[in-house]
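Quick caveat: nothing in here was measured; it's all calculated off a predicted structure. Lettering follows sequence order; numbering is per chain, from 1.
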Amino acid sequence: MTEKPLDDFFEKFLNKESVFSNKRILESKYTPETVPHRDEQIKQIANILAPCLKLDKPSNLFIYGKTGTGKTLSVKCTTNKIKEMADLRGIPVCIIYINCKLKRIADTEYRLIAEFAKNLGKEIPATGLPTQEVYNLFYKELDSKEQLVILVLDEIDQIKKAGNLILYNLTRINQGLQKSQVSIIGISNDLTFADNLDARVKSSLSEEELIFPSYNAIQLQEILRDRADQAFRKESIEVGVIEKCAAYAAREHGDARRALELLRVAGDIADRGGGNRVKIEHIDEAEFKIEKDRVLDIVSSQPKQFQATLFSIISIYSQRKGMIFTGEVYELYKGICSKIGIIPLTQRRLSDIIAELDMLGIITAKVISKGRYGRTREIDLAIPHGTIGKINNILLKALELKEGD
DNA sequence: CCTCCACCGGAAAGCCGGGTCA
DNA sequence: TGACCCGGCTTTCCGGTGGAGG
């Protein structure tokens, strides 16, 4: 055992220059000073919210736009500024930002309201109380002093059922308050979100509406270049890399977050490969890696029943090509359950699991009719081919199965 | 044109594990 | 301690249905 090779390795590692000069700039939690191509939207948000500096209640605002179009960033930018101004002048404005997507934090009625109260400085037990009681505590805390509260509900479409009820309660909140006033800003990725909303909720929630259009490839390029200039060392990006990154992201719907992630991962790959420049091929690799990591992550964190279901699907898939239907998946799944000693779920439930796997983007499941031969889901794997083997291994291990079914 | 398959998918209810409160 | 609450997962029940084949 000689230590030389390791010494060399670390030596090299230390001497080698990274393509990054400041990688943090590309990370998703980084909040830039300005939001390019969103001046118009920011101005409008500012316009709508401005009255709060005079302690007048601003209109409720609803913002639509697909992922990575700068909604959250723009709102945060504006509200931060307002908060700053208000604090400077001693105006009692309170801004509460909550992301409704956070699992186990703010994705149900109880938890959301509890989270609001917590932000106002009132701790509420994570469970146990009647929901009405949580509301009462929240209202009381809210009305304990004169103030103007702006509730920002990000990814509002993620609230599990009863979303209607929550929003209904929130929109009429002002009626029960003596001292304080509340405005709501809702942010949604889903452009159809308001369609299935109670008419009363809809009209009061969207007193003002704002739509964030997707970025096009040119705009994405500018955004990327702007950040890349700060994040990478000079001359460490080959010509065409930015363009390709932007093109990839624009191909979907102009998701800037995705584009930045792509660039960052490509930089990592370049670093690891020992080169000192980010090349165009690195973008392809990065795309593959991101997708692979995502799928691997999901698959290994899924409950056993999901894994068994997916395993059944992959087994059928690898035995023969062609369409896979719910019925046959269920048959195989039952066999697997008895083999690994878990109690099989009903077909009704399995049907839901298949639908959920579809939502996760691991499979595609489309309801079709085979005429005389009934209605069912047509299932197909949606994972990159190169990773199927690896996923199968993960599943085998997770289910404690031996090779060969 | 009608039938009838093999499921889909909504509704309701049960169970369980997390918790509070008096 | 027992009554009660929430939320996630699951079962039970059951009406609904697109379209190939008769």
Under 3.5 Å, which donor-acceptor pairs do the side chains of residues 65-76 of chain A form with other protein atoms, sequence neighbours left out?
unit_1, atom_1, unit_2, atom_2, d
A:Thr67, OG1, A:His253, NE2, 3.2
A:Thr69, OG1, A:Lys66, O, 2.6
A:Lys71, NZ, A:Gly65, O, 2.9
A:Lys71, NZ, A:Lys66, O, 2.8
A:Lys71, NZ, A:Asn189, OD1, 3.0
A:Thr72, OG1, A:Asp154, OD2, 2.7
A:Ser74, OG, A:Gly70, O, 2.7

Can you give me every donor-acceptor pair (side chain of residues 255-269 of chain A, partner residue at least two apart or in another chain, under 3.5 Å) with its distance?
unit_1, atom_1, unit_2, atom_2, d
A:Asp255, OD1, A:Arg257, N, 2.9
A:Asp255, OD1, A:Arg258, N, 3.1
A:Asp268, OD1, A:Lys23, NZ, 2.9

Without placing hydrogens or testing angles, list every side-chain donor-acceptor pair under 3.5 Å for residues 43-60 of chain A, not counting sequence neighbours.
unit_1, atom_1, unit_2, atom_2, d
A:Asn60, OD1, A:Ile184, N, 2.9
A:Asn60, ND2, A:Ser204, O, 2.9

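Residue pairs meeting the salt bridge (charged side-chain N to carboxylate O under 4.0 Å, His left out) criterion with at least one member in residues 111-121 of chain A, sequence neighbours excluded, are A:Asp107-A:Arg111. Pairs of residues two or more places apart, or lying in two chains, that qualify as ring pair (Phe, Tyr, Trp, His ring centres under 6.0 Å) and include a residue from residues 78-118 of chain A are A:Phe116-A:Phe138.
Each of A:Leu310, A:Ile353, A:Leu360 was evaluated against A:Gln302; a single residue qualifies, A:Leu360, per the side-chain contact (heavy atoms from CB on, under 4.5 Å) test. Partner of A:Glu287 under the salt bridge (Lys or Arg N to Asp or Glu O under 4.0 Å) criterion, out of A:Arg251, A:Lys244, A:Arg294: A:Arg251 alone.
Think of the region where chain A sits on DNA chain B: with heavy atoms and a 4.0 Å cut, that region ends 5' and 3' at B:dT3 to B:dC21.
Here A:Glu27 pairs with nothing under the side chain to side chain donor-acceptor pair (under 3.5 Å) rule; sequence neighbours left out. When the side chain to side chain donor-acceptor pair (under 3.5 Å) test is applied to A:Ser351, the partners found at least two apart in sequence or on another chain are A:Arg377.
Comparing the end axes of the helix from B:dC1-C:dG22 to B:dA22-C:dT1, each fitted to five base pairs by superposing C1' atoms of four pairs onto the next four, gives an inter-axis angle of 20° (nearest 10 degrees).
In this structure, A:Gln305 and A:Gly128 both approach DNA chain C, and ranking their closest nucleotides by distance from the 5' end singles out A:Gly128.
Taking only side-chain nitrogens and oxygens, A:Thr131 comes nearer than 4.0 Å to OP1 or OP2 of C:dC6.
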Check your understanding: After noting the C-alpha distance and the side-chain angles of A:Asp190 and A:Thr192, does the key distance pass the side-chain hydrogen bond (donor to acceptor under 3.5 Å, both in side chains) rule?
Key -> CA-CA 5 Å; A:Asp190 180 1; A:Thr192 66; 2.8 Å; yes
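For A:Arg233, the CZ atom sits in a packed shell: over 12 heavy atoms of surrounding residues, nucleotides or ligands are nearer than 6.0 Å.
Ring geometry for A:Tyr333 versus A:Tyr330: interplanar angle under 30°, hence parallel rather than tilted (30 to 60°).
Contact check of residues 110-118 of chain A against DNA chain C (heavy atom, cut-off under 4.0 Å) returns A:Tyr110, A:Arg111. Contacts between residues 347-364 of chain A and DNA chain B, defined by a heavy-atom separation below 4.0 Å, involve A:Gln347, A:Arg348, A:Ser351, listed by number.
You'll find the side chain of A:Tyr30 reaches within 4.5 Å of the side chain of A:Gln230, heavy atoms only. Between A:Asp157 and A:Lys101, the closest side-chain pair of non-hydrogen atoms is not below 4.5 Å.
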Practice item. Summarise protein proximity over nucleotides 15-22 of chain C in one line of letters, 5' to 3': B for base, S for sugar-phosphate only, - for none, counting protein heavy atoms closer than 4.0 Å. Key: -BBBBBS-
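Here C:dG7 presents its C1' atom at 13 Å from CD1 of A:Ile166, a figure rounded to the nearest Å. Between A:Lys304 atom NZ and C:dG8 atom P the separation is 22 Å, expressed in whole Å.
Looking at A:Tyr215 and A:Glu222, their side chains never bring a donor and an acceptor atom within 3.5 Å of each other.
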